[in-house]
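Every value quoted in this text rests on a predicted model; they were computed, and no experiment measured them.
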There are 2 protein chains.
Amino acid sequence: MEVPNQCPHCTNDHCIRSVPLFASLEPDAVHALTDQMEHKSYQKGEILVREGDTATGFTVIRQGSAKAYRTSADGREQILYIFPANDYYGARFLFTEEKVPYTVEALEETHVCILSKAQFSLLLEKHSSIALQIIEAMANRMSRLETAMQSMGGRNADLRIASLLLEFKEPYGRYNGSHLEITLPLSREGLANYLGLARETLSRKLVQFEEEGLIELIGQKVVRILDLERLADLSVLVD
Amino acid sequence: MEVPNQCPHCTNDHCIRSVPLFASLEPDAVHALTDQMEHKSYQKGEILVREGDTATGFTVIRQGSAKAYRTSADGREQILYIFPANDYYGARFLFTEEKVPYTVEALEETHVCILSKAQFSLLLEKHSSIALQIIEAMANRMSRLETAMQSMGGRNADLRIASLLLEFKEPYGRYNGSHLEITLPLSREGLANYLGLARETLSRKLVQFEEEGLIELIGQKVVRILDLERLADLSVLVD
DNA sequence: TTTCTACTGTGATTGAAATCACAAATTGAG
DNA sequence: CTCAATTTGTGATTTCAATCACAGTAGAAA
């Protein structure tokens, strides 16, 4: 149920300018880009692109958010990335791979702008600074993957969960008074699929963390961090 | 015990030309580069760079091989990468991070060439094609990290080990007659640290694989693959 | 060769997380 | 608001891998 329409957020330049990747472009380049992009909308649960498809274009999430995951032979869903608004995906597999390496699914109502492979290549040629920014963005994702790998190689669930909370501190945390509160972007099931744990284990560990005074659960989407230091000790971060 | 010396392999142009990243450079650019690079040698077990150090330069492994790992609070060593000859590391953390994200340790006698951050930046400016090749190389590493994440999120050790064997098929496998044989680049302990498993579990699983007719162990460094198909079924790869 | 040191395999046991099963709570649609 | 559907928590149980302990093996050095 893709609804190709004129994305109201994209008919003016603001759209692209709020995407860090394009922040360095001059106004008329932004204008040109805006015209070329294709706009689509998705409801929660709809698939933006499916693992194994031939590469679509470079896709910017204008509004909403999405998860990227792979499905294993046993049916398990391993979430690899969570893309918040203004993030993008698809730069990488325009360069190397023919096939899309993961399924991307909307976590809520989501609007995206798509630039075709050809247009994206042209953009890269004209504005070489964008290549450097892509390298930088890729570097950040690699950092995260490396930390995830370390955390998933660990021996206990506490480590994974503590590392997850610290990872989410940046993008999803904010201070409410003096307390850091993280608004979880996924359901328990989703978090479990991100961590490679059973949902039940995650539930139990979270209440255990609460009993130990590490966190406080507020509703089921918000976690208040009570003891960041002890959480960091549990996590993968050394020193 | 770094032994800065004139690396015999680097005083002529061949050195750099066999590194895919620099394959596209013209002869005199190669010449200029060669002069700028610093050469070092390490014995097995020596540390090339340590996690948390301030970034050294872009480093090319001329001869030998190395492992990159992080150490967790509990002392566990999670291996993130294995760098074979002609591979390189350090491009990424010249862009973004100040601190080196992992320790690199020689797996055997190893010779490297190092390009300083400043020189590397200059190179990038002059030869924009190198930026694209770096993106491509990063894309490949990301692919591997994503697969690793999927495999480590899995529920059993068989999956991890089968995925490892398939991963090693490319770089370390070769056909001996009609049989595919993989020469393992690490000890059991090392492999276990790569997989996030206990050494004992890996040992047991390998003999189990052998009993089931999936593989045949030849000495302790070579694995002959007897049933690639069934191995793939066990692994993370779907279809 | 012999000796020493590393690495590797294997049994016994423990333990942590997966699974199974279901109840409680929350959400959302009508 | 009500009711169904989805999500979440929690107990009981099982299972698989970690750990502990040690013996066998290979490899390097003397």
Next item on the list: Do nucleotides 21-26 of chain C as a string where each nucleotide becomes B, S or -: B if the base has a protein heavy atom under 4.0 Å, S if just the sugar-phosphate does, - if no protein is that close.
Entry: -----S
Next item on the list: Starting at atom NZ of K44(A), determine the distance to atom P of dT27(C), rounded to an integer number of angstrom.
Entry: 11 Å
Sequence neighbours excluded and cut-off under 3.5 Å, please list the side-chain donor-acceptor pairs for residues 226-233 of chain B, or say none.
residue	atom	partner	partner atom	Å
D227(B)	OD1	E229(B)	N	3.4
D227(B)	OD1	R230(B)	N	3.0
D227(B)	OD2	R230(B)	NE	2.9
R230(B)	NH2	E212(B)	O	2.9

Note to self: Measure CG/L186(B) against C1'/dT8(C) and give the value in whole Å, please.
What the structure shows: 15 Å
Margin query: Assess the residue pair L164(B) and Y194(B) against the criterion (side-chain contact (heavy atoms from CB on, under 4.5 Å)); give the C-alpha distance rounded to whole Å, side-chain angles, the decisive distance to 0.1 Å, and a yes or no.
Written below: CA-CA 9 Å; L164(B) 177 87; Y194(B) 189 63; 3.2 Å; yes
Check: With E181(B), which residues qualify under salt bridge (Lys or Arg N to Asp or Glu O under 4.0 Å), at least two apart?
Finding: R224(B)
Check: Could D158(B) and K205(B) be called an ion pair, given the rule that one side-chain N must be under 4.0 Å from one carboxylate O?
Finding: yes
Check: Roughly how many Å is it from CZ in R204(B) to P in dA12(C), rounded to a whole number?
Finding: 11 Å
Item checked: Complement of dA6(C), any strand, by Watson-Crick or G-U distances under 3.5 angstrom -> none
Item checked: Salt-bridge present (E77(A), K67(A); N to O < 4.0 Å) -> yes
Notebook entry, point to check: Whole-Å distance between dC7(C) P and L184(B) CG?
Noted result: 15 Å
Margin query: Reading DNA chain D in the 5' to 3' direction, which nucleotide is the first one with an atom under 4.0 Å from a heavy atom of chain A, and which is the last?
Written below: dT8(D) to dT19(D)
Next item on the list: Could you give me the CA-CA distance, side-chain angles and deciding distance for L145(B) and M142(A), then say whether side-chain contact (heavy atoms from CB on, under 4.5 Å) is met?
Entry: CA-CA 8 Å; L145(B) 285 170; M142(A) 283 184 79; 4.2 Å; yes
Check: Starting at CG of L206(B) and ending at P of dC7(C), how long is that distance when rounded to a whole Å?
Finding: 17 Å
Next item on the list: Name the orientation class of the two ring planes belonging to F168(A) and Y172(A) (parallel below 30°, tilted from 30 to 60°, perpendicular beyond 60°).
Entry: perpendicular
Item checked: Test salt bridge (Lys or Arg N to Asp or Glu O under 4.0 Å) applied to R70(A) - qualifying residues, sequence neighbours left out -> E146(B)
Checklist line | Stretch residues 154-167 of chain B: residues that reach within less than 4.0 Å of DNA chain D through a heavy atom | finding: N156(B), A157(B)
Checklist line | Ring centroid separation F58(A) to Y89(A) under 6.0 Å | finding: no
